[in-house]
Enquirer: 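This structure is in structure tokens; I'll ask about it shortly.
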Amino acid sequence: MVIILKKEADRSQVDNLVNLLKTKNIQPNISEGSLQTVIGCVGDVTHIDPGLIEAMDIVERVQRVQEPYKAASRKFHPDDSVIDCSGVKVGAGNFAVIAGPCSVESEEQVVAVAKAVKAAGATMLRGGAFKPRTSPYAFQGMGAEGLRLLSLAKKETGLPIVTELMDFKDFELFNDVDVIQIGARNMQNFNLLKEVGSATKKPILLKRGMSATIQELLMSAEYIMASGNPNVILCERGIRTFETAMRNTLDLGVVTYIHRYSHLPVMVDPSHATGHAWMVDSIACAATAIGADGLIIEVHNNPPCAKCDGAQSQTPEMFAATMEKISKIRKTI
Ligand code: PEP
Ligand code: MN
């Protein structure tokens, strides 16, 4: 962090600021120029609010030179993190494919889809039991019963299960869940992030909010990590833009960008990114080619009758074809 002082800064006030920084374990390096005086702050500035410093009379402006996230930063953790999802590893070259229906609808449906995606090579099963729906009149998910059916599908296939937690009051029901998803709509539900961060070390699949910047996504990961859970997998699933042809606008550059600044794995969700089942295959291939650490793909055995997100759900046959291509791309890269 660099503090740029006003020209007329009073000396005793500058001394006060320097002392204040020292009490916060920051080493202030003052450079006095003929036009401007700046203070370079060396040390951990994550706990310092630049806004408070900027509010001081003598300060012209404050510039951050370091990212505000620390636990999520590659600077403090140079090696890629490998997140262990009940035996399925994600990150540092370990590629995972999470597949399954948007929501759990019945035992027949979830078990059939689980078997089909496993046969095609998926490494984890997804399925929503608690669904964040835009309309209160839409299917809200099966709740606890949905979790029970997911457990059955896990027993049948051995696939670890991934499902969304919307409200911490339901956490006690998530004992058999292997990866807890925090969805786009809750990415900045800071209380929920702190709660899952302190309550569990289970992997958290954190999806990018619909209008969240990359930095905001990483700060949300930071919330979970700073609360005690280092096992975070990020997920790019597209953001809201002026474009309406697709459900969201996918930014694959996020994968490359985050890999530079963070050690956390980044998965891509081509289903919610596009909203069209016919687009999922090519976007999944592109995400794989760009170096994503995995994919999360919606698959339904009867998409036209799906209770949620049928239009973007691949059939098991489509999914199997995508998996074949992904495997070839993985071998090539
Ligand atoms: C989902 O994965 O079913 C979901 C609701 O995703 P998102 O939070 O990315 O919209
Ligand atoms: Mn969905």
Side-chain angles (χ1 to χ4, degrees), residues 85 96-105 109-110 113 117 122 124-136 138-143 146-147 149-150 161-167 170 174 177-189 192-193 196 203-212 214 216-217 220-221 224 232-241 246-252 254-255 266-277 279-280 283-284 287 292 294-315 319:
C85 306
V97 179
I98 305 171
C102 178
S103 41
V104 179
E105 298 170 11
Q109 175 241 19
V110 73
V113 176
V117 298
M124 286 188 259
L125 173 68
R126 63 150 290 149
F130 297 93
K131 294 302 302 175
R133 303 304 302 278
T134 304
S135 166
F139 176 58
Q140 304 286 303
M142 292 181 82
L147 294 179
L149 299 182
L150 276 173
I161 50 183
V162 183
T163 194
E164 178 164 354
L165 175 71
M166 290 189 354
D167 188 327
D170 299 319
F174 277 56
V177 172
D178 300 280
V179 177
I180 298 174
Q181 177 173 321
I182 300 292
R185 291 154 192 82
N186 271 317
M187 189 206 85
Q188 285 193 314
N189 182 340
L192 182 61
L193 300 178
V196 291
I204 308 294
L205 178 67
L206 178 66
K207 300 187 87 175
R208 182 181 185 183
M210 294 199 256
S211 57
I214 295 173
E216 285 165 341
L217 171 62
S220 290
I224 299 168
V232 179
I233 301 169
L234 304 169
C235 180
E236 164 63 28
R237 42 78 77 205
I239 49 170
R240 224 10 111 73
T241 67
M246 287 158 283
R247 186 173 180 180
N248 289 291
T249 300
L250 179 68
D251 184 359
L252 281 181
V254 165
V255 175
V266 191
M267 296 184 93
V268 171
D269 174 347
S271 313
H272 292 88
T274 62
H276 302 301
M279 289 190 74
V280 169
I283 301 298
L295 299 164
I296 174 164
I297 297 180
E298 286 187 343
V299 180
H300 197 285
N301 50 350
N302 188 5
C305 293
K307 290 197 172 168
C308 184
D309 287 351
Q312 68 191 35
S313 298
Q314 286 191 319
T315 59
F319 178 70

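This chain uses plain numbering: 1 for the first residue, then up along the sequence. Below, all heavy atoms of this structure are taken into account, side chains as well, without hydrogens, waters or symmetry copies. When a ligand or atom number is given, it counts from 1 through the structure's own listing order.
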Enquirer: Check each of Glu236, Arg133, Lys207 against atom 6 (O) of ligand 1 and report the one with the nearest heavy atom.
Expert: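 When every heavy atom of Glu236, Arg133, Lys207 is considered, Lys207 comes closest to atom 6 (O) of ligand 1.
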Enquirer: Which of the atoms of ligand 1 are close to Arg126, meaning less than 4.0 Å from one of its heavy atoms?
Expert: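 Listed by number with element: 1 (C), 2 (O), 3 (O).
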Enquirer: Hey, does Ala184 come in under 3.5 Å of ligand 1, counting only N/O atoms on both sides?
Expert: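 In this structure, Ala184 places an N or O atom under 3.5 Å from an N or O of ligand 1.
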Enquirer: Looking at Asp309, pick out the N, O or S atom nearest to the Mn ion (ligand 2) and give its name.
Expert: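 Per the distance ranking, Asp309 contributes OD2 as its closest N/O/S atom to the Mn ion (ligand 2).
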Enquirer: Quick one, Met187 and Lys207 - any side-chain contact, counting heavy atoms below 4.5 Å?
Expert: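 No, side chains not in contact.
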Enquirer: Mark yes when over 12 heavy atoms from residues, nucleotides or ligands other than Arg240 sit less than 6.0 Å from its CZ; otherwise mark no.
Expert: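 Not more than 12 within 6.0 Å, no.
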Enquirer: Please could you name the atoms of ligand 1 that Gly183 approaches to less than 4.0 Å, counting only its heavy atoms?
Expert: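 Heavy-atom distances to Gly183 below 4.0 Å select 8 (O).
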Enquirer: Just checking, any donor-acceptor pair under 3.5 angstrom between side chains of Asp309 and His272?
Expert: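 Yes, a side-chain donor-acceptor pair sits under 3.5 Å.
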Enquirer: What I want to know is whether Glu164 and ligand 1 share at least one N or O pair that is separated by under 3.5 angstrom.
Expert: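 Among all N and O atoms of Glu164, none is under 3.5 Å from an N or O of ligand 1.
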Enquirer: Using a strict threshold of under 4.0 Å (side-chain N to carboxylate O), is an ion pair present between Arg126 and Glu164?
Expert: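 Salt bridge absent between Glu164 and Arg126.
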Enquirer: Check Glu298 and report its N/O/S atom nearest to the Mn ion (ligand 2), by atom name.
Expert: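 Among the N, O or S atoms of Glu298, the one closest to the Mn ion (ligand 2) is OE2.
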Enquirer: Find the distance between SG (Cys235) and CD1 (Ile204) and round it off to the nearest 0.5 Å.
Expert: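 Rounded to the nearest 0.5 Å, the SG-CD1 separation comes to 13.5 Å.
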Enquirer: Looking only at distances, can you tell me whether any N or O atom of Asp309, backbone or side chain, sits closer than 3.5 Å to an N or O atom of ligand 1?
Expert: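 No, no N or O pair falls under 3.5 Å.
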Enquirer: Which part of Met210 is near ligand 1, with near meaning a heavy atom under 4.0 Å away: side chain, backbone, both or neither?
Expert: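 Contact part for Met210 vs ligand 1: neither.
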Enquirer: Which atom names give the shortest non-hydrogen contact between Ala129 and Thr163, and what distance separates them?
Expert: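 Taking every non-hydrogen atom into account, N-OG1, 3.5 Å.
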Enquirer: Find the distance between CD1 (Ile224) and CG (Leu192) and round it off to the nearest 0.5 Å.
Expert: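 Taking CD1 in Ile224 and CG in Leu192, the distance rounds to 8.0 Å.
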Enquirer: To the nearest 0.5 angstrom, please state how far the CD atom of Glu105 sits from the SG atom of Cys308.
Expert: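 Output value for this atom pair is 8.0 Å.
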Enquirer: Answer yes or no for Glu298: is there a heavy-atom contact with ligand 1 below 4.0 Å?
Expert: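 The answer is yes: ligand 1 sits under 4.0 Å from a heavy atom of Glu298.
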Enquirer: Confirm or rule out an N/O/S atom of Cys308, from backbone or side chain, lying less than 2.8 Å from the Mn ion (ligand 2).
Expert: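 No, outside the cut-off.
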Enquirer: Who's the nearest protein heavy-atom neighbour of atom 9 (O) of ligand 1, and how far?
Expert: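 The closest heavy atom on the protein side is Arg237 NE, 2.6 Å.
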Enquirer: Using distance alone, decide if ligand 1 has a nitrogen or oxygen within less than 3.5 Å of any nitrogen or oxygen in Arg185.
Expert: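 There is such a contact, yes.
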Enquirer: Closest non-hydrogen protein atom to atom 4 (C) of ligand 1, residue and atom name please, with distance?
Expert: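 Answer for atom 4 (C) of ligand 1: His272 NE2, 3.4 Å.
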Enquirer: Quick check for you: to the nearest 0.5 Å, what is the distance between Asp251 atom CG and Ile214 atom CD1?
Expert: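 Between atom CG of Asp251 and atom CD1 of Ile214 there are 6.0 Å.
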